[in-house]
Enquirer: 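Pasting a structure here, questions to come.
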Amino acid sequence: MMLSIVIPVHNEEDSVKKTVTDIIAELDKAHIKNEIIIIDDNSIDSTPKVIADLTSGYPNIKSIRRNSLKGFGGAIREGLMHVNGDVVATVMGDLSDDPRDIVRYFRKIEEGYDCVFGSRFIKGSVVKDYPGLKLLINRVANNFVRILFWVKPNDLTNGFKMYKTEVINAIQPLQALYFNITIEIPLKAIVRGFSYTQIPISWYGRKSGVSKLGIRQMGRKYLFTVLYIWLEKMLLKDEVNKFAKEQW
Ligand SMILES: Nc1nc2c(ncn2[C@@H]2O[C@H](COP(=O)(O)OP(=O)(O)OP(=O)(O)O)[C@@H](O)[C@H]2O)c(=O)[nH]1
Ligand SMILES: [Mg+2]
């Protein structure tokens, strides 16, 4: 099985090279065939140059540059459209995710799960430098989602996840343009009946660059996404499943 890694970046000149080279080193060590797809939205620092150097050194790295800051969700969706692997992981470009967790995710896919979700809030996880207010909002939001959908995963808003590519195909069309895609993809996969598991992961707060997540602006978008998928689950369950199976 080949693994595609989708990495969205915007102004990550200090992090993108290490993010990519560490991932490739870890996957090569684990003998996992891979490709890397970087989606840069109009970075105005030296990120484009760093990416160009990377792509010239490694044939399995593709890069896509979009000419405006179109948003995290749009970048992820664009990256997913270019995936050639049987399995796909979305990984952040600011060194927050641990490449060893990508290998752990992949082993779970090999066991047969369709989706693997990481949690920073279960036994065995590591969280360093999570900003206090963000942490509070994260816990409230994730517990709300957990109760509404009555599911076990408790960190679904984290963007770092892995799916069989067939799952991504079956949950199209994706709607979210911004960070709300982090909840749209896993919830749609759960609602459509794909199997999933949750494992502990490590997460490290960014050491350079700036956060692009505006929690205030995003709150309503997250809520809308969660409620629309919940409605889909409550009202259209059978029709949606039948349609998804027929289409893909
Ligand atoms: N292509 C693209 N990438 C983006 C966009 N917004 C954020 N990113 C990237 O998505 C990843 C996650 O964004 P972050 O800014 O780290 O969001 P966050 O993790 O909530 O914020 P921190 O706590 O500061 O890490 C990083 O690699 C960003 O560079 C965007 O509009 N387009
Ligand atoms: Mg981050």
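When a ligand or atom number is given, it counts from 1 through the structure's own listing order. Remember, it's a predicted structure, so these values are computed and weren't measured experimentally.
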Enquirer: Restricting to N/O/S, name the atom of Asp94 that gets closest to the Mg ion (ligand 2).
Expert: OD2
Enquirer: If you count the atoms of ligand 1 from 1 in the order shown, which ones are under 4.0 Å from a heavy atom of Glu12?
Expert: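 Those qualifying, in numeric order: 26 (C), 27 (O), 28 (C), 29 (O).
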Enquirer: Closest by any non-hydrogen atom to atom 18 (P) of ligand 1: pick that one out of Lys134, Arg66, Arg206.
Expert: Lys134
Enquirer: Can you confirm if the NZ or CZ of Arg139 lies within 45° of the ring axis of Phe121 and under 6.0 Å from the centre of its six-membered ring?
Expert: yes
Enquirer: So if I count the atoms of ligand 1 from 1 in the order they appear, which ones are less than 4.0 Å from some heavy atom of Phe179?
Expert: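 Contacts of ligand 1 toward Phe179, numbered from 1: 7 (C), 13 (O), 17 (O).
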Enquirer: Mark yes or no for whether Arg66, through its side chain, and Gly71, through its backbone, hold a donor-acceptor pair below 3.5 Å.
Expert: yes
Enquirer: Could you check if a side-chain atom of Tyr163 sits within less than 4.5 angstrom of a side-chain atom of Val87, using non-hydrogen atoms only?
Expert: no
Enquirer: Please could you name the atoms of ligand 1 that Gly93 approaches to less than 4.0 Å, counting only its heavy atoms?
Expert: 26 (C), 27 (O)
Enquirer: Just going by heavy-atom distances, which of Tyr204, Phe72, Tyr178 is nearest to atom 30 (C) of ligand 1?
Expert: Phe72
Enquirer: Which atoms of ligand 1 sit under 4.0 Å from any heavy atom of Asp41?
Expert: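 Here the atoms of ligand 1 in question are 1 (N), 2 (C), 30 (C), 31 (O), 32 (N).
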Enquirer: Is a salt bridge present between Glu184 and Lys188, judged by a nitrogen-to-oxygen distance below 4.0 Å?
Expert: yes
Enquirer: Would you kindly specify which portion of Pro8 sits under 4.0 Å from ligand 1, judged on non-hydrogen atoms: side chain, backbone, both or neither?
Expert: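 It is both backbone and side chain that touch ligand 1.
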Enquirer: What's the spacing between Ile181 CD1 and Tyr222 OH if we round to 0.5 Å?
Expert: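 With rounding to 0.5 Å, CD1 (Ile181) is 10.5 Å from OH (Tyr222).
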Enquirer: Inspect the surroundings of OH in Tyr228 and state if more than 12 heavy atoms from other residues, nucleotides or ligands are less than 6.0 Å away.
Expert: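 More than 12 heavy atoms, drawn from other residues, nucleotides or ligands, come within 6.0 Å of this atom.
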Enquirer: Give yes or no for whether the N/O distance cutoff of 3.5 Å, strictly under, is met between Val9 and ligand 1.
Expert: yes
Enquirer: Centre-to-centre under 6.0 Å for Tyr113 and Tyr196, is that the case here?
Expert: no
Enquirer: Would you mind checking if Glu12 and Arg206 are paired as a salt bridge, meaning a charged N to carboxylate O distance below 4.0 Å?
Expert: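 Counted as a salt bridge, because a side-chain N and a carboxylate O are separated by less than 4.0 Å.
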Enquirer: Is the closest heavy atom of Ser96 to ligand 1 under 4.0 Å?
Expert: no
Enquirer: Just to be sure I'm reading this right: ignoring hydrogens, which of Met92, Arg65, Glu78 gets closest to atom 11 (C) of ligand 1? Compare them by their nearest heavy atoms.
Expert: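 Nearest heavy atom to atom 11 (C) of ligand 1 lies in Met92.
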Enquirer: Going by distance only, is there an N or O of Asp94 that falls short of 3.5 Å from an N or O of ligand 1?
Expert: yes
Enquirer: Give a yes/no verdict on a cation-pi contact between Lys128 and Tyr204, requiring under 6.0 Å between NZ or CZ and the six-membered ring centre and an angle within 45° of the axis.
Expert: no
Enquirer: Show the atoms of ligand 1 that are less than 4.0 angstrom away from any heavy atom in Ile39.
Expert: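 Per the distance check, 1 (N).
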